[in-house]
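First the structure, then my questions, so here it is.
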Amino acid sequence: MTSKKTKRSSAKKPRKSVRQPKLKLHPKILIFDIDGVLIDVRATYWRSAIETVRHLSGKRVTYADLHKWKAKPGHNDDWRMTANWVTALGKPTSYDQARAAFEKFYWGTDDRPGNVHNEKFVITAKQIERWAKKYELHLFTGRTRKEYAFTFDKWPHSKHFRTVVTMDDVENGKPAPDGLLRILAGRDPSTAVYVGDNIDDGLAARDAKVPFMAILPKGSHGYRERLANFRRLGAIGILTRASELNSWLGK
C-alpha cells in the first residue's frame, strides 16, 4: 500500500515559467532624461503642476488628471501642459501666464518655500561612477538651465556627464529630437541608448533613431496605457528604475 507521503512526493510539480533572455545591448553612449529617471519629481514638478492648475482654474484636480495630461505629446514642457489644461477647464491661459504661476510654486516666494527644495535623487552616485567607467554619459532634459543647475551644480558626480542639453540649449525641445542629435554629433545613433519616462522622450528617441528604454514603475497612474504607448513607439525595454538598465547591458 502506498503511503500518503509517497503519493504526495510523486505528484507532478507545477512547471516554473521560463523567462526569455533579454536582448543584450552594447552601447557606447548612455543618454538620460532627468525627471522621473534620475530624480523623483512627485513632490516638485508634479506638485507644482497640480497647485498651478488649482490656483488658475479654481477647480480641484487630481494626480490621475495630471497623468492624463502628461501622456499627451508635447507635454513634457510643464508650462505648456498646465496652460492647455487650465484652458480646457474653462479659463483661457497663455503659456507665459502658466509659466509665471508655476514658477511661484516651484521656486517659491517670500511667503513660502518652493517645491524645488524637495528634489530627491533616485540614482546612486556609485551607479553613475560605474557607468562612467564604461560609457559616455550625457543628459537631455526638458529642464531649463537654471532648473538643472540648482540641483546638479552642487552634486559632484554631475562631472561624469559629458554633455548636458536643456530646453534652453536647443531651438526645438522635446518631442523634437534636436537634443539627442546634438549629443550624437553625427555619430551612429545605434551606438547610444536613451532612458526616459515620458512619451515625448520616446518620440524624440524614435525620430533620432536612438534605441529607447522607458522608465515605468509598476502601479503608476495609467500604467497599461503608458506601457502600450511606449511599446508603440518602439521602446526596446521597460524598466521600473534606471538601475535596471544594468541587466540589459552586455559585458
Other residues, nucleotides, ligands: >12 heavy atoms within 6.0 Å of Arg145 CZ
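Yes - once you tally the heavy atoms of other residues, nucleotides and ligands closer than 6.0 Å, there are more than 12.
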Would you find a donor on one side and an acceptor on the other, under 3.5 Å apart, between the side chain of Lys59 and the backbone of Leu89?
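Answer holds: yes.
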Does the separation of the ring centres of Phe161 and Trp131 fall below 6.0 angstrom?
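Between Trp131 and Phe161, which both carry aromatic rings, the centre distance is not below 6.0 Å.
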Yes or no on side-chain hydrogen bond (donor to acceptor under 3.5 Å, both in side chains) for Asn84 and Thr87, after CA distance, side-chain angles and deciding distance?
CA-CA 5 Å; Asn84 292 343; Thr87 299; 5.6 Å; no
Between Ile29 and Arg187, is there a side-chain heavy-atom distance shorter than 4.5 Å?
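Yes; the side chains approach each other to less than 4.5 Å.
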Exam field: side chain Asn118 to backbone Ala43, donor-acceptor pair closer than 3.5 Å:
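Checked: pair present.
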For the residue pair Phe212 and Tyr194, does the interplanar ring angle fall in the parallel (under 30°), tilted (30 to 60°) or perpendicular (over 60°) class?
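If you compare the ring of Phe212 with that of Tyr194, the planes turn out tilted.
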Assess Lys72 against Trp85: is NZ or CZ under 6.0 Å from the centre of the six-membered ring, and within 45 degrees of the ring's axis?
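Lys72 over Trp85 ring: no.
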Under 3.5 Å, is there a donor-acceptor pair between the side chain of Ser48 and the main chain of Tyr45?
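Checking the backbone N and O of Tyr45 against the side chain of Ser48, no donor-acceptor pair under 3.5 Å is found.
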With salt bridge (charged side-chain N to carboxylate O under 4.0 Å, His left out) as the criterion, how do Arg112 and Glu51 come out once you've worked through the C-alpha distance, each side chain's angles and the decisive distance to 0.1 Å?
CA-CA 13 Å; Arg112 54 160 283 175; Glu51 291 174 333; 3.7 Å; yes
What's the separation between atom CZ in Arg143 and atom OG1 in Thr166, rounded to the nearest 0.5 Å?
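Atom-to-atom, Arg143:CZ and Thr166:OG1 are 11.0 Å apart.
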Looking at Thr144, is its backbone amide N or carbonyl O close enough to the side chain of Glu147 to form a donor-acceptor pair, meaning the two atoms are under 3.5 Å apart?
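Present.
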Decide side-chain hydrogen bond (donor to acceptor under 3.5 Å, both in side chains) for Gln127 and Ser243; before the verdict, give the C-alpha distance in whole Å, the side-chain angles of both, and the deciding distance to 0.1 Å.
CA-CA 7 Å; Gln127 179 60 81; Ser243 59; 5.4 Å; no
Parallel, tilted or perpendicular: rings of Trp46 and His67 (30°, 60°):
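Taking Trp46 first and then His67, their aromatic rings stand perpendicular (interplane angle over 60°).
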Can you tell me how far the CD1 atom of Ile183 sits from the CG atom of Asp178, to the nearest 0.5 Å?
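Rounded to the nearest 0.5 Å, the CD1-CG separation comes to 11.5 Å.
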Would you say the ring centers of His117 and Phe150 fall short of 6.0 Å from each other?
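Yes, ring centres under 6.0 Å apart.
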Is it the case that Arg226 and Asn229 place a side-chain donor and acceptor less than 3.5 Å from each other?
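No, Asn229 and Arg226 have no side-chain donor paired with an acceptor closer than 3.5 Å.
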Asp201 side-chain N/O to Asn198 backbone N/O, donor-acceptor pair under 3.5 Å
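Yes.
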Geometric class of the Phe152/Tyr148 ring pair [parallel <30°, tilted 30-60°, perpendicular >60°]
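Parallel.
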Under 3.5 Å, is there a donor-acceptor pair linking the side chains of His75 and Asp200?
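No, no side-chain donor-acceptor contact under 3.5 Å.
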Verify whether one side chain among Asp188 and Ser190 offers a donor that lies under 3.5 Å from an acceptor in the other.
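Their side chains do contain a donor-acceptor pair, which is all the 3.5 Å distance test asks for.
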Side chains of Asp96 and Trp79 only: does a donor on one sit below 3.5 Å from an acceptor on the other?
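No, because no side-chain N or O of Asp96 sits under 3.5 Å from a partner of the opposite role on Trp79.
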Answer yes or no: is there a donor N or O on one side and an acceptor on the other, between the side chain of Thr93 and the main chain of Lys91, under 3.5 Å?
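Checked: pair present.
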Measure from the side-chain N and O atoms of Arg182 to the backbone N and O of Pro177, and report whether any donor-acceptor pair falls under 3.5 Å.
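Answer holds: no.
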Salt-bridged, Lys126 to Glu129, with N to O below 4.0 Å?
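Salt bridge: no.
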Do Lys24 side-chain atoms and Ser247 backbone N/O form a donor-acceptor pair below 3.5 Å?
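Checking the backbone N and O of Ser247 against the side chain of Lys24, a donor-acceptor pair under 3.5 Å is found.
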Is atom CZ of Arg224 surrounded by more than 12 heavy atoms (other residues, nucleotides or ligands) closer than 6.0 Å?
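Counting other residues, nucleotides and ligands, CZ of Arg224 stays at 12 neighbours or fewer.
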Could you check whether Asp33 pairs with Lys174 (Lys NZ or Arg NE/NH1/NH2 to Asp/Glu carboxylate O, under 4.0 Å)?
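A salt bridge links Asp33 with Lys174.
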Main-chain N/O of Leu216 paired to Ser220 side chain as donor or acceptor, under 3.5 Å:
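Judged by distance alone, no pair lies under 3.5 Å.
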Carboxylate-amine/guanidinium contact Arg99 Glu103, below 4.0 Å
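Salt bridge present between Arg99 and Glu103.
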Under 4.5 Å between any side-chain heavy atoms of Leu139 and Val165, yes or no?
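Contact flag for Leu139/Val165 side chains = no.
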